[in-house]
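Step one of this worksheet: look at the structure below.
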Amino acid sequence: MALIISGIDVSKGIAIGKVHLLNRGAPEVFEHKLKEHEIKSEIKRFQNAVDDASNHLRSIRETIPEDAPTEIATFIDSHILMVEDSMLRKVPVEIIREQHCNAEWALKNQHDKLVSVFEQMEDDYLRTRINDVEHVINLIQQILKDQQYTAQIDIQPLKGRIVVADDLTPADTVLMQNQSIAGFVTELGGPLSHTAILARSLGIPAVVGIQDARPLLQQEELVIVDGGIGMVLAGVGHKTIEDYRRRQRKQKEARRKLRALRDVSAKTRDGQRIILQANIELAEDVSALKQSGAEGVGLYRTEFLYIDREEPADEVEQLNAYRKIIRVLKGKPLTIRTLDLGAEKEFDPNFQGPLTQNPALGLRAIRRSLKDTGLFKQQLRAILRASSSGPVRILLPMVTSHIELVQSLSVLKQASRELESEQHQFDPDIPVGAMIEVPAAALSANILAKQLDFLSIGTNDLIQYTLAIDRIDDQVNYLYDPLHPSVLKLINLTLQAGRRAEIPVAMCGEMAGDPRYTRLLLGMGLQEFSAPPSSLLEIKQIVNRSRISELKKPAMRILNTTVPDRIVSMVDALNDQPY
């Protein structure tokens with residue numbers, strides 16, 4: 001009997017193979033009280049486990065080929081840094097000393113504290129980083145339970161298998177890719193997890209978020225994973241399997257053709273030039289732009305210069321980080337988003353602001369920067385100084401009112417005057433833009449545009465604020481809908497505001513990187529896309545096969561449609577057209 005299971009599509013492609021069930025959950029932890037003379041040896045046992053975890057991750061790091069996508073090494077490096085960070089290496093030791101408890105219990109206490117902090121974060125990407133913390137902590141816990149644990153991880157025969165697990169770490173994913181797995185299915189995870197991003201970078205078909213996947217699928221059972229639609233099929237007949245094998249061959253040929261577009265310009269069939277840039281999280285990510293053919297960085301998130309560390313990066317450290325990216329870009333533009341932190345994800349232990357009950361509506365992003373203008377000005381100084389090394393743009397996050405923009409530009413002017421008096425070089429005409437990611441900003445985009453050089457639509461937050469849903473919350477994420485009539489109208493208002501003010505409008509949210517929406521956005525007038533590097537070639541292919549003159553009328557009909565299901569079918573029809 002055929003079984004069809006739906007999950008979250010995080011990595012396109014079709015995989016066909018036998019199931020390998022992987023049971024690697026976090027071990028159960030109990031508290032044991034220690035006597036005074038046992039504490040020293042328990043601390044040593046914990047430190048040895050941390051060292052083993054670090055060595056294991058470093059050995060995996062060494063297996064990554066030099067020509068592999070940079071995301072792979074970056075994610076493993078981030079886990080190595082977590083292992084070495086005082087929050088995992090030192091704090092549990094202090095807990096062992098103070099509470100006279102076993103290492104497992106001390107590590108669990110620190111885990112619970114970190115989870116509490118991360119769960120309050122509003123930013124989707126940053127909040128899902130708790131998965132990485134848990135991956136690292138679980139690795140240490142497994143080593144504490146079994147000293148031979150790491151030696152047993154990479155000896156399982158996985159070639160051509162579909163790995164089914166509760167969750168996978170980036171290290172797991174690299175090891176399994178080295179063993180040529182066909183695909184994987186997990187019970188946990190989402191599209192923003194590091195494992196999902198790695199699966200896309202490595203081209204491993206993957207479906208996540210299937211609760212009870214392991215009880216439903218049997219060891220050695222032949223299954224099909226369709227990562228494009230988030231579906232797993234089991235117990236299907238020979239005809240279905242052959243049909244999916246044909247689809248596999250077509251997808252392989254399509255990927256080959258995409259790679260040939262890397263150095264081709266993005267231009268519609270009726271001659272409209274479209275700018276395709278990339279979103280990056282870390283300075284190391286910029287090297288991935290070469291494979292994607294990106295024309296620059298449309299969104300560089302700077303939060304990683306501030307979080308997971310005892311002190312935020314100072315002006316010089318920020319300047320060096322920005323210059324490192326500028327050098328690699330070799331004249332292509334870099335758009336730097338200023339700090340998007342909030343009271344719910346503070347790095348400063350002396351911060352006096354109250355922790356808000358609703359982080360989404362609290363002191364975050366530009367509000368937080370304007371509350372601490374000293375920190376804000378320090379970052380603006382670093383960005384300005386970096387502009388002397390290459391083309392740089394400043395992007396202000398979560399602007400909701402004209403007064404916030406005026407205040408931000410005032411701080412920028414103060415930073416400029418200081419640098420002038422100190423005789424530092426910088427671009428006095430550095431472009432400044434604002435993120436349009438709340439309905440208020442979209443509705444007043446025509447006012448904001450008059451004082452800005454560009455706008456950038458952040459669809460992730462714009463959709464969530466418009467529809468009042470959290471897309472990471474399993475109970476309501478089914479309501480997350482980029483094609484909701486209200487969302488499309490807000491996007492259109494922003495595009496219109498840009499045209500009236502004669503300034504460019506980009507889109508840097510996930511909607512910009514989803515090929516399902518490319519033609520609709522082109523028809524609405526979007527000319528600048530900023531997306532994950534892995535999606536840019538497919539976006540470019542659609543651009544090069546489209547005629548904007550043929551997309552405008554269908555796009556306007558979609559904008560005037562109020563029935564969601566009808567909108568979906570109209571977008572599907574638009575994508576099926578030959579133009």
Side-chain angles (χ1 to χ4, degrees), residues 21-61 76-121 127-156 165-172 175 186-189 193-195 214 307-310 347 349:
L21 294 175
L22 190 66
N23 295 303
R24 197 182 293 166
E28 195 169 4
V29 174
F30 300 96
E31 181 181 15
H32 299 295
K33 288 297 181 181
L34 304 176
K35 295 178 181 179
E36 188 67 36
H37 71 273
E38 297 175 315
I39 292 176
K40 186 175 180 180
S41 61
E42 188 67 5
I43 290 174
K44 184 62 176 175
R45 186 172 78 93
F46 172 76
Q47 290 172 335
N48 287 341
V50 175
D51 288 340
D52 288 348
S54 179
N55 291 336
H56 172 65
L57 292 170
R58 291 178 191 278
S59 68
I60 293 172
R61 175 70 167 79
I76 300 299
D77 285 342
S78 71
H79 280 205
I80 292 172
L81 289 173
M82 286 182 189
V83 172
E84 299 299 337
D85 194 277
S86 61
M87 69 178 181
L88 293 184
R89 188 171 277 276
K90 294 182 180 179
V91 174
V93 170
E94 296 171 1
I95 296 173
I96 293 172
R97 285 199 182 103
E98 293 171 1
Q99 299 185 17
H100 288 208
C101 65
N102 55 312
E104 291 89 345
W105 190 255
L107 188 57
K108 180 183 182 300
N109 281 351
Q110 178 64 353
H111 164 271
D112 293 345
K113 291 176 184 176
L114 292 170
V115 167
S116 177
V117 172
F118 274 85
E119 284 182 342
Q120 293 182 67
M121 293 184 178
R127 185 158 32 134
T128 55
R129 296 289 63 77
I130 188 56
N131 297 335
D132 297 288
V133 175
E134 290 183 325
H135 290 159
V136 171
I137 289 177
N138 287 345
L139 174 60
I140 300 171
Q141 290 284 21
Q142 292 284 8
I143 295 171
L144 286 168
K145 180 182 177 183
D146 179 4
Q147 287 186 332
Q148 301 302 313
Y149 175 74
T150 56
Q152 301 164 6
I153 290 178
D154 54 0
I155 61 175
Q156 302 178 70
D166 62 335
D167 197 9
L168 295 174
T169 71
D172 288 334
L175 280 173
T186 64
E187 296 176 342
L188 304 175
S193 68
H194 274 172
T195 302
R214 286 174 295 173
I307 63 173
D308 289 342
R309 51 191 298 161
E310 294 180 1
F347 58 85

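One-based numbering along the sequence shown.
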**OP:** Answer yes if the side chains of His111 and Asn138 hold a donor-acceptor pair under 3.5 Å, and no otherwise.
**Re:** no
Subject >> Single hit among Leu88, Val115, Asp132 for side chain to side chain contact (heavy atoms under 4.5 Å, CB included) with Ile137 >> reply: Leu88
Original post:
Just wondering, do Val136 and Thr169 contact through their side chains at under 4.5 Å, heavy atoms?
Top reply: no
Original post:
Under a 4.5 Å cut-off applied to non-hydrogen side-chain atoms, are Leu107 and Gln141 in contact?
Top reply: yes
Subject >> Candidate pair Glu84 and Arg58, rule salt bridge (charged side-chain N to carboxylate O under 4.0 Å, His left out), full reasoning >> reply: CA-CA 12 Å; Glu84 299 299 337; Arg58 291 178 191 278; 3.7 Å; yes
Subject >> For Phe30 against Trp105, the heavy-atom pair lying closest together >> reply: C-CE3, 3.6 Å
Original post:
Looking only at heavy atoms, what is the nearest atom pair of Phe46 and Ile140, with distance?
Top reply: CE1-CG2, 4.3 Å
Subject >> Min side-chain heavy-atom separation Leu22-Leu168 under 4.5 Å >> reply: yes
Original post:
Do you know the tightest heavy-atom contact between Cys101 and Leu34?
Top reply: O-CD1, 3.2 Å
Subject >> Glu31 and Lys33 ion-paired at < 4.0 Å >> reply: yes
**OP:** Report yes if the side chains of Lys90 and Asp85 come closer than 4.5 Å at any heavy-atom pair, otherwise no.
**Re:** no
Original post:
Where do Asp166 and Thr186 come nearest, in terms of heavy atoms and distance?
Top reply: O-CB, 3.7 Å
Subject >> Ionic contact status for Arg89 with Asp51, cut-off 4.0 Å >> reply: yes
Original post:
Quick one: does Asp52's side chain have a donor or acceptor within less than 3.5 Å of a partner on Ala49's backbone?
Top reply: no
Subject >> Check against salt bridge (charged side-chain N to carboxylate O under 4.0 Å, His left out), Arg45 and Glu104 >> reply: CA-CA 10 Å; Arg45 186 172 78 93; Glu104 291 89 345; 2.7 Å; yes
Original post:
Under 4.0 Å between a Lys/Arg side-chain N and an Asp/Glu carboxylate O for Glu42 and Lys35?
Top reply: no
**OP:** Can you see which heavy atom on Val83 is nearest to which on Ser54, and at what distance?
**Re:** CG1-CB, 3.8 Å
**OP:** Measure the spacing between CD of Glu38 and NE2 of His32 and express it to the nearest 0.5 Å.
**Re:** 11.0 Å
**OP:** Identify the two heavy atoms, one from Pro92 and one from Ala106, that lie closest to each other, and give their separation to 0.1 Å.
**Re:** O-CB, 3.5 Å
Original post:
Considering only heavy atoms from C-beta outward, does the side chain of Leu114 approach that of Gln110 to under 4.5 Å?
Top reply: yes
Subject >> Separation of Lys108 NZ from Asn102 CG (nearest 0.5 Å) >> reply: 11.5 Å
**OP:** Any chance you could measure Arg214, atom CZ, to Leu21, atom CG, to the nearest 0.5 Å?
**Re:** 8.0 Å
**OP:** First locate atom CZ of Arg61, then atom CD1 of Ile80, and finally report the distance between them rounded to the nearest 0.5 Å.
**Re:** 7.0 Å
**OP:** Supply the atom-to-atom distance Leu144 CG to Asn48 CG, rounded to the nearest 0.5 angstrom.
**Re:** 9.5 Å
Original post:
Judged by atom type as modelled, is there a donor-acceptor pair below 3.5 Å linking the side chain of Ser59 to the main-chain atoms of His56?
Top reply: yes
